[in-house]
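Encoded as structure tokens, the structure appears first; notes follow it.
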Amino acid sequence: MAPVGGPGAKKGILERLDSGEVVVGDGSFLITLEKRGYVKAGLWTPEAIVDHPDAVRQLHMEFLRAGSNVMQTTFSTSEDNMGSKWEDVNAAACDLAREVAGKGDALVAGGISQTSVYRHHKDEARVKKLFQLQLEVFIRKNVDFLIAEYFEHAEEAVWAVEVLKESGKPVAVTMCIGPDGDMCGVTPGECAVKLVKAGAAIVGVNCRFGPSISLKTMKLMKEGLQAAGLQAHLIVQSLGFHTPDCGKGGFVDLPYPFGLEPRVATRWDIQKYAREAYNLGVRYVGGCCGFEPYHIRAIAEELAPERGFLPPASEKHGSWGSGLNMHTKPWIRARARREYWENLLPASGRPFCPSLSQPDA
């Protein structure tokens, strides 16, 4: 199957999903840009969008080339997190995402996320006002659809959907929860039901948990919707890290953010994640923190039979290590097969380190 840029004319997000098309999301921005020296760990606010636009543009381009169909705009850029910079950052993020999306078959998604106001005050009017301000920028910039992501409380996520749906644009919403549900004990199934009833067309999870746990949560969400007689498209955007030993808070209870490298998923792990997500009925598959462009390429390659094409980045990547056939060492040439990589149990190379951690919380 030859790499191509994708289908010709752009279709909207719901038009794609309604037809059964696979949508590949993007991956990690703030954690990746922190590693590259453009973001400061802590609040993770994305001033890099205006301070270092070339760095953000380059990462967008890498995800696009790897197979992403969606360029998301921002994370944590509401007024309560960024003060007076919030509007300029949101507007610039839309412009950068649109510029790169125009180079391929990608859509622009305006993104909002949970607020500090909710955590401290739970003031519905104040929280909704923050969302409304961001929405006004997204409408002005004419994004293709909207994503409310990284919500650990169903109530605040519902408020976000209620605001975003006023735009008339399709609304996706993802919660950063695991199988135990949100921070108030609302189960994944109940969360999904509340969000669909609020007006979300696409529901799922992002961040906080690794591929296997995220898929367990998606299964519970799907079951909750089926039990309620509701339908929605499903989205999963997991971490690029394995988190089997985390608590309810996810990877923030582990050595986050500076000790996660030993947990990075291999490209083969992500191919498995993509296939299992597809088999579960998820048609919007992407990643979050720790998800590098080669991980997105792994999704696009695994689901290439369903999509009908490979991403441009596959020009430099042999399927299942087939490029190793040209190596001079015979034992390395022997690795140029699916069976080797699919069954590999990779070692960490750290003989005095445990395989699991004790969560801090």
Side-chain angles (χ1 to χ4, degrees), residues 5-26 63-64 67-74 94 97-98 100-102 104-113 131 134-151 157-175 191-206 218 221-222 224-226 228-237 274 277-288 296 299-300 303 306-309 311:
K10 289 189 182 182
K11 298 180 290 187
I13 187 67
L14 293 184
E15 186 180 359
R16 297 176 190 222
L17 294 172
D18 287 344
S19 68
E21 187 175 324
V22 174
V23 172
V24 178
D26 60 7
F63 284 126
L64 181 72
S68 293
N69 293 126
V70 177
M71 301 290 110
Q72 288 188 224
T73 57
T74 52
C94 291
R98 179 63 69 191
V100 176
D105 184 43
L107 302 173
V108 175
I112 65 172
S113 50
F131 295 152
Q134 283 187 270
L135 177 60
E136 289 171 3
V137 176
F138 297 147
I139 291 174
R140 189 170 73 243
K141 293 294 184 177
N142 195 29
V143 300
D144 298 305
F145 70 103
L146 301 156
I147 295 183
E149 66 170 359
Y150 198 79
F151 285 85
V158 166
W159 294 350
V161 173
E162 289 173 346
V163 171
L164 296 182
K165 72 177 183 179
E166 295 174 2
S167 69
K169 294 180 181 291
V171 177
V173 57
T174 54
M175 297 191 67
C191 288
V193 169
K194 287 176 180 289
L195 295 169
V196 172
K197 286 184 175 180
I202 309 165
V203 298
V205 296
N206 83 298
M218 290 304 304
M221 282 189 156
K222 180 179 179 180
L225 291 173
Q226 290 174 333
L230 297 173
Q231 291 186 334
H233 296 294
L234 302 177
I235 173 174
V236 62
Q237 303 210 101
Y278 185 87
N279 290 343
L280 184 60
V282 181
R283 293 296 180 267
Y284 188 146
V285 187
C288 201
I296 293 298
I299 294 175
L303 299 179
E306 288 77 16
R307 300 177 84 204
F309 60 94

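Note that these values count all heavy atoms, side chains included, but never hydrogens, waters or copies made by symmetry.
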Please tell me if the side chains of His233 and Val282 come closer than 4.5 Å, counting only heavy atoms from C-beta onward. no
According to salt bridge (Lys or Arg N to Asp or Glu O under 4.0 Å), who are the partners of Lys194, at least two apart in sequence or on a separate chain? none
Residues in side-chain hydrogen bond (donor to acceptor under 3.5 Å, both in side chains) with Lys222, at least two apart? none
Measuring only between side-chain heavy atoms, which start at C-beta, is Val196 closer than 4.5 Å to Leu225? yes
Within the structure provided, determine whether Leu234 and Leu280 are in side-chain contact (heavy-atom separation under 4.5 Å). no
Sequence neighbours left out, what pairs pass side-chain hydrogen bond (donor to acceptor under 3.5 Å, both in side chains) with at least one residue falling in residues 165-174? Asn142-Lys169, Thr174-Asn206
Are Val24 and Phe63 close enough that some pair of their side-chain heavy atoms sits under 4.5 Å apart? no
Apply side-chain contact (heavy atoms from CB on, under 4.5 Å) to Ala148 and list each qualifying residue two or more places apart in sequence or on a separate chain. Ile112, Phe151, Ala160, Leu164, Val173
With rounding to the nearest 0.5 angstrom, report the CG to CD distance, Leu303 to Glu21. 12.0 Å
Checking Glu136 now: which residues fulfil side-chain hydrogen bond (donor to acceptor under 3.5 Å, both in side chains) with it, not counting sequence neighbours? none
Test salt bridge (Lys or Arg N to Asp or Glu O under 4.0 Å) applied to Arg283 - qualifying residues, sequence neighbours left out: none
Excluding sequence neighbours, so at least two apart, what forms side-chain contact (heavy atoms from CB on, under 4.5 Å) with Ala201? Leu14
Listed by chain and number, what are the side-chain contact (heavy atoms from CB on, under 4.5 Å) partners of Glu15, not counting sequence neighbours? Lys11
Residues that Gln72 engages under side-chain hydrogen bond (donor to acceptor under 3.5 Å, both in side chains), provided they are two or more places apart: Glu149, Gln237
Please enumerate all residues that pass ring pair (Phe, Tyr, Trp, His ring centres under 6.0 Å) together with Tyr150, with sequence neighbours excluded. Phe75
Please enumerate all residues that pass side-chain hydrogen bond (donor to acceptor under 3.5 Å, both in side chains) together with Asn69, with sequence neighbours excluded. Arg307
